[in-house]
Enquirer: 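Got a structure for you, written out below as structure tokens; questions coming shortly.
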Amino acid sequence: MPNYALLVEFDGTHFYGWQKQKNLPTVQAAIESALSIILNKNPASRLSVAGRTDTGVHGLGMVCNFKTEFPIPNFHKLLVSINALTPKAVSVKNVIEVPAEFHSRFSCTGREYIYKIYYSKYESSFIEGRAFWVKHHVDWDLVENQLTNLVGEKDFRSLTKAKSMAGKRAVREIFDIRLERLTPDWIQIRIRANGFMHNMVRITVGTLLDIGKGRWKSRSIGSILEEKNRSTAGMTLPPDGLYFVRAYYEDYPEIHELYQIALP
């Protein structure tokens with residue numbers, strides 16, 4: 001069966017996450033509904049996805065895939081049709097054919113997120129649902145100095161939702177994490193890993209902010225990791241500032257083409 005990968009962008013404030021849920025708007029439901037209309041004589045299998053985002057989390061470059069019984073002859077027509085049938089809060093940006101064994105979740109070797117922070121004494125009219133507002137002083141140099149302690153394969157049990165990890169392995173590998181100072185008011189933390197656990201990015205950034213605000217004088221992100229206890233870490237930030245940026249596939253270089261947006 002032909003296998004197709006889609007590049008999807010979505011505004012998470014309009015959805016209850018990616019995964020299909022009964023009687024609730026989700027990104028998966030919106031795209032599958034469109035495909036069922038477009039491919040009514042060429043049934044598509046259920047969408048697989050690189051990362052199942054929570055309610056309110058955004059997507060800039062999410063990868064998903066589906067299979068059909070017959071080949072799709074015109075990709076431009078497919079994109080126009082999907083975008084006409086989905087809400088404005090979701091946009092399919094590109095499509096490519098991929099090998100039959102490709103699976104957007106299980107073939108994925110890396111995922112990248114950013115968390116956006118609006119750093120100002122004064123509120124902005126444009127950040128609701130888009131970024132986390134921090135109005136108190138943060139020592140960003142101190143935060144940046146903590147980042148190297150997160151890189152590598154480690155047990156991140158302290159930095160994930162405790163209930164979701166009961167009895168489960170909590171080892172992941174962070175390949176890269178950096179603090180990006182876009183302007184004096186706009187800060188973002190970019191993190192790439194082989195996988196993330198429930199709320200891991202939001203808790204990690206929340207803990208880094210607590211350290212930067214001086215909540216703890218004698219503790220570091222390294223010592224918090226060693227304790228392997230969620231109660232020792234910082235706050236779970238809201239989903240507003242979290243964006244799925246990109247999925248990586250070491251064995252499928254053609255996915256790079258997916259991110260080179262094709263214009264008609």
Side-chain angles (χ1 to χ4, degrees), residues 1-21 24-114 192 194-196 239 242-264:
M1 296 176 72
N3 192 9
Y4 301 97
L6 301 175
L7 184 68
V8 183
E9 174 186 273
F10 56 90
D11 178 350
T13 59
H14 296 269
F15 299 104
Y16 285 82
W18 173 274
Q19 192 171 6
K20 198 169 183 178
Q21 300 181 54
L24 291 174
T26 68
V27 184
Q28 180 183 7
I31 298 174
E32 285 187 351
S33 176
L35 287 173
S36 69
I37 296 170
I38 298 165
L39 306 174
N40 63 334
K41 294 182 181 179
N42 184 8
S45 64
R46 185 176 181 182
L47 284 174
S48 300
V49 67
R52 296 177 181 178
T53 54
D54 290 336
T55 299
V57 177
H58 312 291
L60 298 177
M62 182 64 79
V63 174
C64 61
N65 74 288
F66 66 97
K67 295 182 177 181
T68 62
E69 188 173 348
F70 308 108
I72 295 173
N74 190 319
F75 286 174
H76 172 61
K77 183 178 180 181
L78 175 69
L79 290 176
V80 171
S81 300
I82 293 176
N83 289 320
L85 292 168
T86 50
K88 290 182 179 179
V90 58
S91 177
V92 179
K93 310 295 288 185
N94 206 356
V95 56
I96 62 168
E97 186 169 2
V98 289
E101 72 276 9
F102 174 85
H103 190 287
S104 52
R105 179 184 175 191
F106 298 122
S107 302
C108 188
T109 55
R111 296 163 177 87
E112 183 176 315
Y113 284 87
I114 56 173
R192 181 167 61 91
N194 62 354
F196 294 93
L242 186 58
Y243 296 73
F244 185 101
V245 176
R246 184 167 184 148
Y248 293 85
Y249 299 87
E250 290 181 1
D251 298 328
Y252 297 92
E254 56 266 57
I255 293 298
H256 179 71
E257 299 175 22
L258 196 64
Y259 287 96
Q260 308 303 307
I261 306 300
L263 297 176

Enquirer: Distance check, rounded to the nearest 0.5 Å: Leu79 atom CG versus Leu6 atom CG?
Expert: 7.5 Å

Enquirer: What heavy-atom pair brings Ala29 and Lys20 nearest, and what distance separates the two atoms?
Expert: CB-CG, 4.0 Å

Enquirer: For the pair Ser45 (side chain) and Lys67 (backbone), establish whether a donor and an acceptor sit closer than 3.5 Å, ignoring hydrogens and angles.
Expert: yes

Enquirer: At what distance, to the nearest 0.5 angstrom, does CG of Asp11 lie from NZ of Lys88?
Expert: 13.0 Å

Enquirer: Any side-chain heavy atom of His58 sitting closer than 4.5 Å to one from Thr13?
Expert: yes

Enquirer: Would you compute the distance between atom NZ of Lys41 and atom CD of Glu69 and round it to the nearest 0.5 angstrom?
Expert: 13.0 Å

Enquirer: Over all heavy atoms of both residues, which pair between Val63 and Ser104 is shortest? Give the atoms and the distance, please.
Expert: O-CB, 3.7 Å

Enquirer: So if I apply the side chain to side chain contact (heavy atoms under 4.5 Å, CB included) rule between Trp18 and each of Asp54, Thr26, Leu47, Thr55, which one comes out positive?
Expert: Leu47

Enquirer: For the pair Leu7 and Ile96, evaluate side-chain contact (heavy atoms from CB on, under 4.5 Å) and give the outcome as yes or no after the intermediate values.
Expert: CA-CA 9 Å; Leu7 184 68; Ile96 62 168; over 6 Å; no

Enquirer: Hey, can you tell me if Phe10 and Phe15 have their rings parallel, tilted or perpendicular (30° and 60° cut-offs)?
Expert: perpendicular

Enquirer: Look up atom CD in Gln28 and atom OG in Ser33, then write down how far apart they are to the nearest 0.5 Å.
Expert: 12.0 Å

Enquirer: Please report the interatomic distance CD1(Ile82) to CD1(Ile38), rounded to the nearest 0.5 Å.
Expert: 5.0 Å

Enquirer: I want to check a possible cation-pi pair here: Arg246 against Tyr259, using under 6.0 Å from ring centre and within 45° of the ring axis as the test.
Expert: yes

Enquirer: Around atom CD of Glu101, are there more than 12 heavy atoms from other residues, nucleotides or ligands closer than 6.0 Å?
Expert: yes

Enquirer: Return the orientation label for the Phe75 and Tyr4 ring planes: parallel under 30°, perpendicular over 60°, tilted otherwise.
Expert: perpendicular

Enquirer: Classify the ring geometry between Tyr252 and Tyr249 as parallel (under 30°), tilted (30 to 60°) or perpendicular (over 60°).
Expert: perpendicular

Enquirer: Identify the heavy atoms of Val92 and Asn83 that sit nearest to each other, and give their distance.
Expert: N-OD1, 2.8 Å

Enquirer: Distance check, rounded to the nearest 0.5 Å: Ile255 atom CD1 versus Asn65 atom CG?
Expert: 8.0 Å

Enquirer: Which pair of heavy atoms, one from Arg111 and one from Ala50, lies closest together, and at what distance?
Expert: NE-O, 2.7 Å

Enquirer: Do Pro71 and Glu97 have side chains that approach each other closer than 4.5 Å (heavy atoms only, starting at C-beta)?
Expert: no

Enquirer: Mind listing the closest non-hydrogen atom pair of Glu112 and Tyr248 along with its distance?
Expert: OE1-OH, 2.6 Å

Enquirer: Where is the tightest heavy-atom contact between His103 and Ser48, given as atom of each residue plus distance?
Expert: NE2-OG, 3.3 Å

Enquirer: Side chains of Tyr16 and Pro25, heavy atoms from C-beta outward: is any pair under 4.5 Å?
Expert: yes

